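A quick write-up on the structure given underneath.
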Amino acid sequence: MCRLFFCYSYTDVLKTICKIYYVVKEKGKCIQREILHSMAAILKRVIHQIAHVSILNALDSCSTMAELTQHHSLLIRLGLSTNNHAMSRIINFSTKNRNFNYALRVFSTLPNPDTFLYNILIKAFLHSQTPLYSILLYSHMLERSLTPNTFTFPSVTRACNVQQLKQLHAHIVKFGFAEDVFSLNNLIHMYFGFCFLDDARKVFDKMPVRNDVSWTSVISGYSQWGFVDEAFRVFEFIPCKKNSVSWNAMIACFVQSKRFKEAFDLFRRMRVEEVELDKFVAATMISACTGLGALGQGKWMHRYVERSGIELDSKLATTIVDMYCKCGCLEEAFRVFRGLKEKGVSSWNCMIGGLAMHGKGEQAIRLFREMEEAMVVPDSITFVNVLTACAHSGMVKEGWYYFCYMSDVHGIMPAKEHYGCMVDLLARAGRLQEAKKVMDEMPMCPDVGVLGALLGACKIHGNVELGEEVGKRVIELDPGNSGRYVMLANIYASCGKWEEVASVRKLMDDRGVRKEAGFSMIEMEGTVNEFVAGGRAHPLAKAIYAKVDEMLESIRIVGYVPVTDGVLHDLAEEERENPLFYHSEKLAIAYGLLKTKQGETVRITKNLRVCKDCHQASKLISKVYDRDIIIRDRNRFHHFSKGECSCKDYW
DNA sequence: CTAGGGTTAG
């Protein structure tokens, strides 16, 4: 006690003295004993109170559980062991240190815990291993006839499953919180999480008062289930000035559904309305650039982040590294990556994955080694990337090595994806039977990813029998995906089985599956130019087509022969004449050559895989025009330079 | 003690 007394601030001490002085002055004429009595009483109370406050303050500056228990024992000695206010701090601290047992033990000794205490615990258990405790605590407090308050429901809703949520909804109404924004916003969020879109919407529509959070919850709720247009309708309805969270939710919604143009349009609007561009919006926009392969825009965003002093946390950093990787700029990705103070697993994963996509298998593995030396624990994604790196570079031996290594050394059991990588690796390398063996013997049922990898390899290596078998399986597993039909049709086409080609086509038509339209994109001076095969919508269409003809003429001289076995791949219904020559990537290359100077690299992004003919043509164009051309395809990158491609015709 | 937004693979 004495020691504590010296910790008091001067104000506290002064206050005490003033009080004593007041008593003496007022009652000084009374009996001395009485004065002494009241003085003692006040002093006792004040000291007690101050001791109390100072311990509680000390509690806030606690850093370890050991320190906390010391304070706890002090509180017990002060007779505060059943004081809700004091114990709430102990409980709060213990849960923050994830010592739920301690918290519960303290809690169970309290004779009259209040709603406040229950609220703290309910919230704490939400993020524990046993969120069910939140629900149990809630019913416990009701059994004790405690009334929930506004702080109770937001937490409890978070712990609910569907049935509980419905019940809790009733409770919210029953206890008179049917108009409480906090409770209702959480309710909306949870309903959306369970895909109860109508219930969520009903709650929202009936709310007498809505705030930013309500609107944003609805937007991201629709967004997470792919109802982009509905989300946008709600977004446009927001009555007040929208804050950056709402903007970001809507922009992210467009990005996630690959509607990049709308994302950029919205971003521009946001800038016009002078809404703050924070790190979340920056991350969303950078990933929009990633999706598009728009390096220029991505660079601009990156510079903006640097200039404006937006905090570069690990998520944002990863996003940036990923953007540079997927926009074909590995050097810059590396520069950013090397510059990171803290490299999390995801940053490493991104960089390894980037190298893999660019066909730099050995570098990817070297980086993985470096990651281990840096004592960063790899996760299952790391190995997906390492194995992909092996697959794209034809490193069969290394692939097997790391496949065993992941479970032997790191205890990560191979999942479907890893088996998929191995099938891909072996199949690409032409070892189709071995690949099939791996697939047949894997402990889980092979999914479309695994089968698709094998199918792709059958196409590369012209194995019709296996291709047919696998192709049919894939189509049945993934009947809505046009790419699968096209792949099988192309396998048939490559060996002249035209009747089968026609029957696959018919199957597609009968099922109403429409081929995904192929397009290529090239970014120039900050604008995104999109080309579809045979399309003439571009203002410079005439010049572009002339350039394509010139390109084809000049590569013919060095021996270009059109490769026609993949014609189904990118054939739009409407153009019939020489469709091959005006594939979208050829148009994009022509435009790139027209608009850039000698020595500059032409960068193109494609939504599907590059076809064989365009691949061949690109190689020759890179030679004849002495230009580096980088094409990002659905799966990987192709660096065309001096007549060669970085994929070594292995894609 | 309350709620809504951003990263890596397949």
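Just so we're on the same page: letters track the sequence lines, and every chain starts at 1. What you are looking at is a predicted structure, and each value in this text was computed from that prediction instead of being measured.
Take A:His302 and apply the ring-ring contact (aromatic ring centres under 6.0 Å, His included) test, not counting sequence neighbours, and it matches A:Tyr324. Applying the salt bridge (Lys or Arg N to Asp or Glu O under 4.0 Å) rule to A:Arg369 yields the partners A:Glu372; only residues at least two apart in sequence or on another chain are considered. Partners of A:Arg89 under the salt bridge (Lys or Arg N to Asp or Glu O under 4.0 Å) rule, at least two apart in sequence or in another chain, are A:Asp60.
For A:Lys123 and B:dT2, the NZ to P distance is 5 Å, given to the nearest whole Å. Rounded to whole Å, atom P of B:dT7 lies 11 Å from atom CG of A:Leu316. With rounding to whole Å, A:Leu137 atom CG is found 18 Å from B:dC1 atom P. We find that CE of A:Met141 is positioned 17 Å from P of B:dC1, with the value rounded to whole Å. Distance A:Phe368 CZ to B:dT8 C1': 15 Å, rounded to the nearest Å. Between the P atom of B:dC1 and the CG atom of A:Leu117 lies a distance of 12 Å, rounded to the nearest Å. Per the geometry, CD1 belonging to A:Ile286 stands 15 Å off C1' belonging to B:dG5, to the nearest Å. Between the CZ atom of A:Phe204 and the P atom of B:dA3 there is a distance of 19 Å, given to the nearest Å.
Residue pairs meeting the salt bridge (Lys or Arg N to Asp or Glu O under 4.0 Å) criterion with at least one member in residues 418-428 of chain A, sequence neighbours excluded, are A:Asp424-A:Arg428. Judged as a salt bridge (Lys or Arg N to Asp or Glu O under 4.0 Å), the pairs with a partner in residues 202-214 of chain A (not counting sequence neighbours) are, in order, A:Arg201-A:Asp205.
Heavy atoms of other residues, nucleotides or ligands lying less than 6.0 angstrom from CZ of A:Phe227 number 12 at most.
Among the protein residues, A:Phe116 comes within range of the nucleic acid bases, having at least one heavy atom under 4.0 Å from a base atom. A:Thr284 comes within 4.0 angstrom of the backbone, heavy atoms only, and of no base.
When each of A:Leu121, A:Leu126, A:Leu104 is checked for a side chain to side chain contact (heavy atoms under 4.5 Å, CB included) with A:Tyr133, only A:Leu104 meets the rule.
When distances are taken from the side chain of A:Val281 to each of B:dG5, B:dG10, B:dG4, the shortest belongs to B:dG5. Listed nucleotides B:dT8, B:dA3, B:dG6 differ in distance to A:Thr318; the shortest reach to its side chain belongs to B:dT8.
Contacts between residues 374-383 of chain A and DNA chain B, defined by a heavy-atom separation below 4.0 Å, involve A:Ile381, listed by number. Near-neighbour residues of DNA chain B inside residues 242-258 of chain A, defined by a heavy atom below 4.0 Å, number-ordered: A:Asn243, A:Ser244, A:Val245, A:Ser246, A:Asn248, A:Gln256. Residues from residues 169-187 of chain A placing a heavy atom under 4.0 Å of any atom in DNA chain B, listed by number, are A:Phe182, A:Asn185, A:Asn186. Residues from residues 209-235 of chain A lying near DNA chain B, meaning a heavy-atom separation below 4.0 Å, are A:Asn211, A:Asp212, A:Val213, A:Thr216, A:Ser217 in numerical order. Non-hydrogen atoms lying under 4.0 Å from DNA chain B are contributed by A:Asp322, A:Lys326, all within residues 320-344 of chain A.
Taking the six-membered ring wherever Trp is involved, the centroid distance between the rings of A:Trp215 and A:Phe235 does not fall below 6.0 Å. Under the 6.0 Å cut-off for aromatic ring centres, A:Phe403 and A:His418 do not qualify, their centroids lying 6.0 Å or more apart. Residues A:Phe177 and A:Phe153 place their aromatic rings such that the two centres sit under 6.0 Å apart.
Taking only side-chain nitrogens and oxygens, A:Arg158 never comes nearer than 4.0 Å to OP1 or OP2 of B:dC1.
For B:dT7, the base has no donor-acceptor partner in the side chain of A:Thr319 [N/O atoms by modelled type, under 3.5 angstrom].
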Going by atom type alone, with no hydrogens or angles, which donor-acceptor pairs under 3.5 Å involve a side-chain atom of residues 343-351 of chain A and a protein atom two or more places apart or on another chain?
residue  : atom : partner  : partner atom : Å
A:Ser347 : OG   : A:Thr318 : OG1          : 3.4
A:Asn349 : OD1  : A:Thr382 : OG1          : 2.6
A:Asn349 : ND2  : A:Asp379 : OD1          : 3.1

What side-chain donor-acceptor pairs closer than 3.5 Å can you find for residues 276-285 of chain A, not counting sequence neighbours?
residue  : atom : partner  : partner atom : Å
A:Asp278 : OD1  : A:Phe280 : N            : 3.2
A:Asp278 : OD1  : A:Val281 : N            : 3.0
A:Asp278 : OD2  : A:Ser244 : OG           : 3.1
A:Lys279 : NZ   : A:Glu311 : OE1          : 3.1
A:Lys279 : NZ   : A:Asp313 : OD2          : 2.9
A:Thr284 : OG1  : A:Asn248 : OD1          : 2.5
A:Thr284 : OG1  : A:Phe280 : O            : 2.9

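Between the side chains of A:Asn149 and A:Thr115, no donor N or O sits under 3.5 Å from an acceptor N or O. Looking only at atom types and distance, the side chain of A:Arg634 has no donor-acceptor partner in the side chain of A:Asn607 under 3.5 Å away. Between A:Thr319 and A:Ser287, the side chains place no donor N or O within less than 3.5 Å of an acceptor N or O (distance only, hydrogens not considered).
Taking the six-membered ring where the residue is Trp, A:His410 and A:Phe383 present tilted rings, their angle falling between 30° and 60°.
Atom OG1 in A:Thr152 sits 10.0 Å away from atom CG in A:Leu168 (nearest 0.5 Å).
Stacking of A:Phe151 onto the six-membered ring of B:dC1 is present: less than 5.5 angstrom between centres, less than 30° between planes.
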